[in-house]
Amino acid sequence: MDENHAQLWQKLSAALKPQVSPDTFKRWFSAVKLVKATDDAFTFRVPNNIYQFWIESNHMAALQAAIVTAFGAPRKVMFSSASEDVDGESLPEIPGKESARENSRDAKQSSNALGLNPRNSFESFVVGPNNEIAHAASLAVAQSPARTYNPLFIYGGVGLGKTHLMQSIGQYVGMKKKNAKVMYLSSELFINEFIDAIQHNNLVKFRKRYRQADLLLIDDIQFLGGKERSQEEFFHTFNTLFDGHKQIVLSSDRPPSEIANLEHRLVSRFEWGLTAELQPPDVETRMAILRKKAHTLGIKLRDETFDFLATRIRTNVRRLEGALMRVASFASLSGKELTNEVVEHLLKDILQEEARHAVTIEQIQRRVAEHYDVRLADMTSKRRPANIAFPRQIAMYLARELTKASLNEIGDAFGGRDHGTVLHACKLVKRRMQEQDNIRQTISFIDSALQR
Amino acid sequence: MKFNVTKEKLLEGLQQVQNVVSTRTTLPILSNVLLQAKGNEVHLTTTDLDVGVRGSFEANVEKEGATTLPARRLFTIIRELPSSEVQFEVDGKNAASIRSGQSFFKILGLPEEEFPPLPKFDNAKVITIRQKDLRDGLRKTSYAISTDETRYVLNGLLFSLKENKLTLVATDGRRLAMVDIELEFPRSHEADIIVPTKAVTELQRLLTDDGEVKVSVGSGQIAFDLNNTLLVSKLIEGNYPNYKQVIPSETKERVTLERETFLNSLRRVSLLASDKSNSIKLNFTKNNIDITANTPEVGEAKESLAVVYKGRDFSIAFNPEFFMAPLRNLTEDEVFLDLIDEMSPGVLKIATPFLYVLMPMRISS
């Protein structure tokens with residue numbers, strides 16, 4: 001524990017002491033050490049796992065309250081157990097441990113062989129409310145494969161961290177259990193190898209290769225859609241692994257039920273374990289991502305610039321990081337001061353792209369009319385047979401969800417309708433979305449087409 | 001294979017093994033029971049690959065042989081049979097014909113060879129325990145096993161064999177139950193093993209008050225041999241946490257409680273414990289305990305209990321379910337409750353080696 005951590009811990013213990021009884025403090029917290037402190041998380045080292053279990057179950061409220069008292073804001077609390085280190089299961093960031101460093105070096109070598117990017121680890125993953133569940137589930141799976149959630153299905157849009165999480169699991173397991181056979185690949189590679197195996201008539205070898213894995217991670221599983229033979233092969237691989245208590249982790253850009261042309265038995269299997277969604281990060285999380293990234297790359301920027309980037313680039317973490325790189329390299333190459341105007345000019349194209357996401361009511365009407373094959377004029381007309389009225393209600397609903405327009409403004413845009421009409425439409429559509437899968441799918445399809 | 005048997009014997013045999021049958025349908029053989037007719041006995045075996053049970057019943061075997069049949073289906077059929085005489089015949093294609101009175105059933109099975117064999121226990125360490133002692137110990141502890149799957153080492157009961165004692169421990173992080181059983185065994189047999197919940201539950205069903213159980217501990221697995229029934233289970237890998245850390249070293253106040261009276265009071269008062277906070281409060285004053293519970297906007301309950309108590313006045317809150325669980329599973333008339341203060345764990349004891357540590361809840365007042 002270096003001095004800095006010791007000071008932090010002292011400050012924290014002072015706040016904690018009044019919260020718990022002296023006996024509790026002596027029994028549970030006197031042996032705790034703070035080993036890692038970041039802006040949003042503390043990692044405590046405990047002598048063995050009973051400390052973690054007991055503190056988590058009984059003293060978490062007190063600990064969190066003490067953290068707020070001492071540091072003004074809540075932090076994530078993590079534990080690492082010393083007894084696990086003895087078994088060679090140490091976390092890589094614990095300093096001063098030769099074995100730990102060796103571990104991570106080994107891991108690097110083996111993970112490179114697996115096609116895992118060593119940068120994609122749990123430590124470098126920024127957790128926010130948008131990805132909490134997926135992160136927690138991934139960590140649980142990594143810590144005890146095939147014991148908790150099997151299969152784990154992670155889905156979410158482009159650049160939200162699906163691959164990052166999967167690779168983190170792969171590396172964590174690869175590091176902790178040297179003998180475990182970890183396989184990470186994209187579904188495309190799976191399909192290609194399958195085709196190759198058929199072509200060269202060595203299906204047996206192909207099967208053996210996959211069915212011996214202890215941990216199978218398949219990225220972008222949605223590409224299996226429509227590939228019947230591959231699906232069948234994967235189905236059997238899945239069953240073999242599942243019955244053998246091996247962990248399976250899958251990722252996709254949409255939930256299993258919405259993957260087109262995917263056999264029903266596969267869909268139901270994918271939904272068997274845990275399905276976790278990754279949502280676009282909120283502004284605070286985007287800020288945290290930027291700061292973390294800047295820190296690892298050794299970039300120094302003004303708070304104002306971070307703020308600008310985090311508020312203006314909303315949809316995609318990859319784009320966010322790209323923007324950061326561009327701004328940083330401009331600053332270091334030109335040496336000019338970075339004002340918001342400079343940054344705005346620099347990121348013109350990205351910002352334009354982002355701005356396109358501001359959907360207008362008119363676009364919504366056009367898109368919905370097109371989809372349901374009704375005339376655009378019907379959106380504003382007084383006619384109301386069901387085949388026109390329902391698409392119109394969907395358009396109103398989407399206008400409510402996707403634009404900032406008020407009920408009145410929406411009503412006006414739809415041929416001077418009353419705000420009550422719009423409200424009714426929203427409620428109706430919401431209800432029917434809950435009741436009927438196909439309506440929900442249609443709407444999410446139009447929604448994503450609009451956001452593109 | 002062909003045998004005649006009474007409905008009762010067959011039903012009893014199936015009841016012993018059918019709980020283990022796998023609910024996973026991906027390996028159909030695991031939902032089957034293996035029947036093996038030999039001599040004047042029929043052996044029954046079921047397994048889900050983690051836990052396996054093997055039992056038997058006496059029968060008039062006319063032709064020896066073996067097959068596997070869907071366990072749940074077989075059980076429901078036998079239970080409904082009209083007559084007490086059952087004639088059982090299996091052909092070469094694993095189709096079983098069951099005749100009883102006017103009924104005739106034919107059910108299709110799978111070949112014996114597909115059934116996974118139960119693990120062998122060569123070079124295992126063997127210990128003998130009186131069934132009554134083990135049954136008693138399991139009842140006093142097993143309710144405290146954690147169901148939180150992320151803490152998988154706690155999803156089982158610790159069997160700690162040390163210094164001529166078998167210590168059973170269960171905890172879920174909020175409470176801990178522990179029992180010591182005196183036992184003679186060589187030092188070389190000392191070990192800490194974790195038996196998964198499912199095996200503990202099954203074992204409790206199988207244990208009786210008479211006779212002994214032979215426990216064989218192999219690498220990663222354990223077998224309980226109860227004369228005519230055998231239970232085999234995988235062990236949970238990993239180290240059980242150091243539970244001794246949880247047990248308070250010294251306590252300040254002790255009250256003696258009549259178990260049943262106290263349990264009944266708790267049960268009544270807990271009717272008005274709110275779902276959200278789910279706590280009941282014990283207010284200690286001289287020679288009296290007030291048990292209270294209240295839910296905002298619903299109501300409150302209070303009951304007074306005369307006890308011998310000479311300590312200081314104070315209040316402590318507990319989760320009523322966690323408090324009632326040990327009381328329900330103990331048989332002693334008197335229990336002792338040891339306390340330190342309102343923020344420290346309470347300890348429940350009885351005259352024999354048993355211990356239950358329960359964390360208090362925060363009193364918000």
Side-chain angles (χ1 to χ4, degrees), chain A residues 18-28 30-31 46-62 65 79 81-84 86-87 89 136-137 139-150 177 235-236 238-245 265 268-269 272-274, chain B residues 22 24-30 48-50 116 144 146-156 158 169 171-176 196 234 236-252 314 316 318-319 322 339-345 357-362 364:
Chain A
Q19 301 266 357
V20 296
S21 70
D23 178 66
T24 304
F25 188 85
K26 204 172 126 221
R27 188 175 290 262
W28 297 113
S30 58
V46 291
N48 62 55
N49 52 1
I50 188 75
Y51 284 83
Q52 177 183 351
F53 292 156
W54 216 259
I55 292 173
E56 273 180 353
S57 299
N58 302 298
H59 307 301
M60 224 29 190
F79 292 94
S81 156
S83 67
E84 278 174 23
V86 178
D87 304 340
E89 295 185 299
L139 199 59
V141 161
Q143 281 167 346
S144 45
R147 296 226 192 236
T148 45
Y149 312 112
N150 200 12
K177 297 198 177 124
F235 172 78
H236 293 300
F238 185 101
N239 279 347
T240 313
L241 292 177
F242 188 87
D243 288 332
H245 296 270
R265 55 183 176 182
S268 80
R269 274 177 179 71
W272 203 341
L274 182 77
Chain B
S22 172
R24 276 210 309 267
T25 47
T26 43
L27 263 184
I29 191 76
L30 296 185
D48 68 352
L49 296 181
D50 289 332
S146 169
T147 51
D148 179 354
E149 287 186 353
T150 56
R151 299 172 171 180
Y152 64 88
V153 288
L154 300 185
N155 295 160
L158 173 70
V169 183
T171 181
D172 64 1
R174 290 191 169 80
R175 53 185 174 155
L176 176 138
K234 278 191 189 160
I236 294 180
E237 287 171 42
N239 295 329
Y240 204 80
N242 174 19
Y243 59 90
K244 287 179 186 135
Q245 175 75 21
V246 172
I247 303 165
S249 36
E250 54 183 73
T251 51
K252 284 190 187 135
F314 83 111
I316 186 164
F318 290 109
N319 175 322
F322 286 0
L339 297 164
I340 304 166
D341 56 40
E342 57 274 7
M343 284 200 290
S344 303
V357 180
L358 177 58
M359 287 304 284
M361 306 186 65
R362 296 184 146 244
S364 53

Asn58(A) and Arg174(B): side-chain contact (heavy atoms from CB on, under 4.5 Å), yes or no, with the steps? CA-CA 7 Å; Asn58(A) 302 298; Arg174(B) 290 191 169 80; 3.8 Å; yes
Between Trp28(A) and Val20(A), does a side-chain contact (heavy atoms from CB on, under 4.5 Å) hold up when you go through it step by step? CA-CA 10 Å; Trp28(A) 297 113; Val20(A) 296; over 6 Å; no
Show the numbers, then the answer: is there a side chain to side chain donor-acceptor pair (under 3.5 Å) between Asn49(A) and Arg151(B)? CA-CA 10 Å; Asn49(A) 52 1; Arg151(B) 299 172 171 180; over 6 Å; no
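Every residue two or more places apart in sequence or in another chain that forms a side chain to side chain contact (heavy atoms under 4.5 Å, CB included) with Ala31(A) is listed here: Pro47(A), Tyr51(A).
Geometrically, Arg265(A) engages Phe235(A) in a cation-pi contact, judged by NZ or CZ lying under 6.0 Å from the ring centre and within 45° of the ring axis.
Both the backbone and the side chain of Pro248(B) come within less than 4.5 Å of a heavy atom in chain A. If you measure heavy-atom distances from Val246(B) to chain A, the contacts under 4.5 Å come from both the backbone and the side chain. Heavy atoms of Thr171(B) lying under 4.5 Å from chain A belong exclusively to its side chain. Within the 4.5 angstrom heavy-atom criterion, only backbone atoms of Asp172(B) (N, CA, C, O) approach chain A. For Asn242(B), the parts lying under 4.5 angstrom from a heavy atom of chain A are both the backbone and the side chain.
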